Amino acid sequence: MMHLFEIRCRDPHTRARCGVLKTPHGDIHTPSFVAVGTQATVKAVGPDDLNKIGIQVLIANTYHLHLRPGEDVIAQLGGLHRFMGWDGPIMTDSGGFQAFSLGAAIEHGVGKIASIFPDEVEAAERGGHLRKARQGQSLVKITEEGIEFRSHLDGSPHKFTPENTIDIQRKLGADIIFVLDECTSPLHDYEYTKRAMERTHRWAVRALEYFKRPSPPAPLPFVETGEGWPQGRGEGQALFGIVQGGAYKDLREQSAKFISALDFDGFGIGGSVGRSKEDLYRVLDWTIPLLPEEKPRHLLGIGEIEDIFHAVARGVDLFDCVAPTRMARNGALWVKDAQDFRVNITNSMYKRDPRPIAPDCECYTCQNFSRAYLHHLFIAKEILAMRLATIHNLYFLESLMREIRRAIQESALIELAAMWGITLGKPS
Ligand SMILES: [Zn+2]
């Protein structure tokens, strides 16, 4: 039998590896960035742009798509791939994170949570339902059965369970789906984090059992079985478990052992990874050595360039992150030779700058437009600014990932990181 994930090479000086993850909609070469397409679109760019940039895989959001337009609408229109006109690999998360972050915003105060989950709080504020919640009408309740929550759009009641989030994600039809988990924040204490982790483990067992039943309740007409895809499982979908445990060593270890003993196709590393970069790296050091070597690992929601190097060096294969697209829309354009790897194009120093954003960049934006033009579009608030900036940032990140994969093949990840001013230690 062929494997879903094949490791092709390893960097002998770190835990980094290169591999190929096979899906019914094509191969993903890892380590890979996963572009965030929350609402079944990568904000400001279309699938033609994404193909030209070399984006390999997208992650859409179950919470948002369940609320609008609804999984039944998407299933009737042929599933996510056809709906959004993207025929490459797609992942969907389980929605637990959004249900949680909206709930946490109420429990701990929006101000504190906004710095941890800015997108979710922004969405909730737009929906106007945080105001109601502040007046005592809770948006979220977590029970053994699942997560009860109210829509941030219209306040309507909904429930996510380990079973129905599988059903919803089957209807959406992504190639890789995630189990429902309860995500804790750095504001939760040890006892609560432990209880939430144990509940997440019970949910993982339920989700996997439900997923493996021979005839899913909503068989999809459009899913082909790709070469090497495991037969008879989830109608061509792969299911990833999620390791939780907050920033606590013993909990992370317990969770990694428990979740990796279950027959998932891959593993997400989720939840609060602490308050600092060092906390994140420690969580990866505790977790990854306990995960099965032969299965893919997805770090949920990171994305500064320094973090990418450190995560890949610790054995992360996939990561998703809103940073390149969100920062692009704010005029923060990624370049190699600048403070924090970015220039703020709205700065008046670019008003007459004839150069492209980055001198060596081969993206559509840098090949055709000057910094002065980008500066003008941002100042004039023209919508083309968002598209051109997003194309550049995504291309920049994909180029970096290609460099990283090549460096791993040449056993030279530490040297590549050093060229970016980043020091990678040997694994502990
Ligand atoms: Zn560019």
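The shown structure was predicted, so the numbers you read here are calculated from the model rather than taken from an experiment. Whatever order the structure lists ligands and atoms in, that order sets their numbers, starting from 1. Note that these values count all heavy atoms, side chains included, but never hydrogens, waters or copies made by symmetry. The first residue of the sequence shown is numbered 1, and numbering continues consecutively from there.
By the side-chain hydrogen bond (donor to acceptor under 3.5 Å, both in side chains) test, T365 pairs with no residue at all, sequence neighbours left out.
Excluding waters, the protein N/O/S atoms found under 2.8 Å from the Zn ion (ligand 1) are C361 SG, C363 SG, C366 SG, H392 ND1.
Enclosure of atom CD in E362 is not indicated, since only 12 or fewer non-hydrogen atoms of other residues, nucleotides or ligands lie within 6.0 angstrom.
Proximity of a side-chain donor or acceptor of T390 to a complementary backbone N or O of A328 within less than 3.5 Å is not detected. The backbone N or O of I422 sits nowhere less than 3.5 Å from a side-chain atom of E306 that would complete a donor-acceptor pair.
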Item to complete: Please assess F240 against F264 for the test ring-ring contact (aromatic ring centres under 6.0 Å, His included), listing each intermediate value before the final yes or no.
Response: CA-CA 5 Å; F240 280 23; F264 288 115; 8.8 Å; no
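Under a 4.0 Å N-O distance rule, the pair R282/D279 qualifies as a salt bridge.
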